[in-house]
S.K.: 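Can you read through this structure? Questions will come right after.
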Amino acid sequence: MITLYHRPKSRSTRFIFLLEELEAPYRIQLVSTRGRDGSGAADPANPHPHGKVPAIADDGVVVFESPAIALYLTDKFPQQRLGPLPGEVDRGTYLSWLAYYTGVLEPALMSKFMNVEVPRGTAGWVALEEVLPTVIGRLSRGPYLLGERFSALDVLYGTTFALFAQAPMMPKSPLIEAYVQRIVARPAYARAMAKEAAT
């Protein structure tokens with residue numbers, strides 16, 4: 001049984017979606033986190049080292065950070081084929097785009113959101129204006145980041161683009177808008193949103 005440490009309307013919501021897609025046994029444990037305004041506190045029941053979400057526990061194994069959780073879950077529950085396994089052709093691509101998510105996309109989004117210039121040449125990420133063409137180029141090859149195959153990558157990227165879709169900082173892209181619609185139209189997404197609303 002997977003325990004998902006969760007705060008509603010946060011990055012952990014996407015893992016309700018992924019767990020539903022995987023048809024994995026799980027339970028949700030609500031935890032408190034520090035608020036953006038400095039209010040609140042980290043929950044001692046949360047195993048994340050900084051009191052953030054998401055984090056999961058699985059029979060004593062704790063995993064935190066979105067790409068690590070996605071990789072752990074798709075390896076543990078391979079029946080739904082939501083992540084290429086070791087030895088499969090797309091494994092390297094899968095790992096690369098998982099790392100790109102937190103190593104490049106999220107910092108680019110936060111830099112843009114906070115109006116902070118990317119420290120060129122020394123940063124491991126680039127400006128959002130460079131990231132989006134890269135993602136769009138990848139999506140131009142098929143409906144999902146792995147082409148015809150829906151994967152945990154699409155849970156991470158699709159929900160992130162859905163979150164920022166109406167933000168003025170996000171350049172408009174019909175291809176990304178269509179991608180988001182494919183992701184949020186999935187039955188597992190609807191089930192996850194219903195569970196989120198009930199928490």
Side-chain angles (χ1 to χ4, degrees), residues 2-7 9-22 24 26 28 31 33 46-59 61-113 118 123-126 128 130-132 134-139 141-142 144-147 149-164 176 179-180 182-184 186 188-189 192 196:
I2 304 291
T3 298
L4 172 65
Y5 296 90
H6 175 59
R7 182 176 64 80
K9 297 181 180 172
S10 72
R11 286 180 179 91
S12 58
T13 300
R14 66 179 59 141
F15 286 99
I16 303 175
F17 177 19
L18 180 56
L19 286 159
E20 287 291 324
E21 286 280 359
L22 290 167
Y26 72 97
I28 296 170
V31 293
T33 61
N46 183 355
H48 190 289
H50 303 297
K52 295 178 178 288
V53 291
I56 63 167
D58 177 27
D59 195 24
V61 175
V62 172
V63 186
F64 53 90
E65 300 306 317
S66 292
I69 296 170
L71 180 61
Y72 182 88
L73 291 175
T74 56
D75 281 359
K76 183 175 177 72
F77 300 102
Q79 303 87 342
Q80 303 303 324
R81 299 191 41 77
L82 293 183
L85 297 173
E88 290 188 34
V89 172
D90 284 336
R91 179 70 170 192
T93 302
Y94 181 57
L95 297 178
S96 296
W97 284 96
L98 282 174
Y100 191 86
Y101 176 79
T102 46
V104 181
L105 176 63
E106 276 203 350
L109 285 167
M110 288 309 298
S111 296
K112 186 75 169 179
F113 180 72
V118 176
W125 72 100
V126 294
L128 186 62
E130 285 187 51
V131 171
L132 289 178
T134 301
V135 175
I136 288 168
R138 184 75 199 174
L139 287 172
R141 303 177 186 189
Y144 304 111
L145 286 165
L146 292 181
R149 179 178 179 177
F150 175 82
S151 74
L153 293 174
D154 303 301
V155 172
L156 298 186
Y157 284 79
T159 58
T160 298
F161 288 133
L163 178 66
F164 286 99
I176 288 182
Y179 172 63
V180 166
R182 282 193 294 280
I183 305 308
V184 302
R186 295 181 70 84
Y189 181 85
E196 164 86 346

S.K.: Give, for atom NE2 of His6 and atom CD1 of Ile16, the distance between the pair rounded to the nearest 0.5 Å.
M.R.: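 Nearest 0.5 Å value for the NE2-CD1 distance: 4.0 Å.
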S.K.: Mind checking what makes side chain to side chain donor-acceptor pair (under 3.5 Å) contact with Arg91, not counting sequence neighbours?
M.R.: Asp75
S.K.: Less than 4.5 Å apart, side chain to side chain, heavy atoms only: is that true for Tyr144 and Ser151?
M.R.: no
S.K.: Filter on salt bridge (Lys or Arg N to Asp or Glu O under 4.0 Å), then keep only pairs touching residues 94-103, sequence neighbours left out; what's left?
M.R.: none
S.K.: Just how far is it from atom CD1 of Ile183 to atom CD1 of Ile176, taken to the nearest 0.5 Å?
M.R.: 11.5 Å
S.K.: With sequence neighbours excluded, what pairs up with Ala162 under the side-chain contact (heavy atoms from CB on, under 4.5 Å) test?
M.R.: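 Result, side-chain contact (heavy atoms from CB on, under 4.5 Å) vs Ala162: Val180, Val184.
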S.K.: Search all heavy atoms of His48 against all heavy atoms of Lys52 and return the closest pair with its distance.
M.R.: CB-O, 3.1 Å
S.K.: Please find the pair of heavy atoms, one from Thr160 and one from Leu156, that lie closest to each other, and give the distance.
M.R.: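 Taking Thr160 first and Leu156 second, the nearest heavy atoms are OG1-O, 2.8 Å.
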S.K.: List the atom of Gly83, the atom of Tyr94, and the distance in Å for their closest heavy-atom pair.
M.R.: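 Of all heavy-atom pairs spanning Gly83 and Tyr94, the closest is CA-CZ, 3.6 Å.
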S.K.: For the residue pair Leu85 and Thr74, what are the closest heavy atoms and their distance?
M.R.: CD2-O, 4.2 Å
S.K.: Is there a side-chain contact between His50 and Phe64, using heavy atoms and a 4.5 Å cut-off?
M.R.: no
S.K.: Check each of Val62, Leu73, Thr3 against Ile56 using the side chain to side chain contact (heavy atoms under 4.5 Å, CB included) test, and report the only one that passes.
M.R.: Leu73
S.K.: Would you give the length of the straight line joining atom CZ of Arg138 to atom CG of Leu146, rounded to the nearest 0.5 angstrom?
M.R.: 6.5 Å
S.K.: Return yes if some donor-acceptor pair links the side-chain N/O of Thr134 with the main-chain N/O of Glu130 below 3.5 Å, else return no.
M.R.: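 At least one qualifying donor-acceptor pair exists.
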S.K.: Quick one: side chain to side chain donor-acceptor pair (under 3.5 Å) partners of Asp154, sequence neighbours excluded?
M.R.: Tyr179
S.K.: Measure the CZ-OG1 distance between Phe164 and Thr159 for me, rounded to the nearest 0.5 Å.
M.R.: 10.5 Å
S.K.: For Leu163, which residues count as a side-chain contact (heavy atoms from CB on, under 4.5 Å) partner, sequence neighbours excluded?
M.R.: none
S.K.: Would you please name every residue forming a ring-ring contact (aromatic ring centres under 6.0 Å, His included) with Tyr100, sequence neighbours left out?
M.R.: Trp97
S.K.: Side chain to side chain donor-acceptor pair (under 3.5 Å) with Asp58: which residues, sequence neighbours excluded?
M.R.: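 Here the qualifying residues are Tyr72, Lys76.
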S.K.: State which residues pass side-chain contact (heavy atoms from CB on, under 4.5 Å) with Pro107; sequence neighbours excluded, sorted by chain then number.
M.R.: Trp125
S.K.: Are any non-hydrogen side-chain atoms of Ser10 and Thr33 less than 4.5 angstrom apart?
M.R.: no
S.K.: Check Pro54 against Leu4 and note the closest heavy-atom contact, atom names and distance.
M.R.: CB-CD1, 4.5 Å
S.K.: Does some side-chain heavy atom of Arg14 sit less than 4.5 Å from a side-chain heavy atom of Val155?
M.R.: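 Yes, at least one pair of side-chain atoms sits under 4.5 Å.
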S.K.: Report yes if some heavy atom in the side chain of Val104 is under 4.5 Å from a heavy atom in the side chain of Val126; otherwise report no.
M.R.: yes
S.K.: Between atom CG of Leu18 and atom CG of Leu82, what is the distance when rounded to the nearest 0.5 Å?
M.R.: 6.5 Å
S.K.: Just how far is it from atom CD1 of Ile2 to atom CD1 of Ile69, taken to the nearest 0.5 Å?
M.R.: 10.0 Å
S.K.: Please answer whether the main-chain N or O of Tyr101 pairs with a side-chain N or O of Tyr157 as donor and acceptor at a distance below 3.5 Å.
M.R.: yes
S.K.: Can you name the residues that form a side-chain contact (heavy atoms from CB on, under 4.5 Å) with Arg81, not counting sequence neighbours?
M.R.: Glu88, Arg149
S.K.: With salt bridge (Lys or Arg N to Asp or Glu O under 4.0 Å) as the rule and sequence neighbours excluded, what pairs involving residues 93-106 come up?
M.R.: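 Qualifying pairs, neighbours excluded: Arg11-Glu106.
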S.K.: Looking at every non-hydrogen atom in both residues, tell me the closest pair between Ala70 and Phe15 and how far apart they are.
M.R.: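 Here Ala70 and Phe15 meet closest at N-CE2, 3.8 Å.
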S.K.: Are Leu153 and Leu98 packed together at the side-chain level, in the sense that at least one heavy-atom pair is separated by less than 4.5 angstrom?
M.R.: yes
S.K.: Return the set of residues passing salt bridge (charged side-chain N to carboxylate O under 4.0 Å, His left out) with Arg7 (not counting sequence neighbours), or none when no residue passes.
M.R.: none
S.K.: Does Tyr26 have any side chain to side chain donor-acceptor pair (under 3.5 Å) partners at least two apart in sequence or in another chain, and if so, which?
M.R.: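 Tyr26 satisfies side chain to side chain donor-acceptor pair (under 3.5 Å) with Glu20, Lys195 once adjacent residues are dropped.
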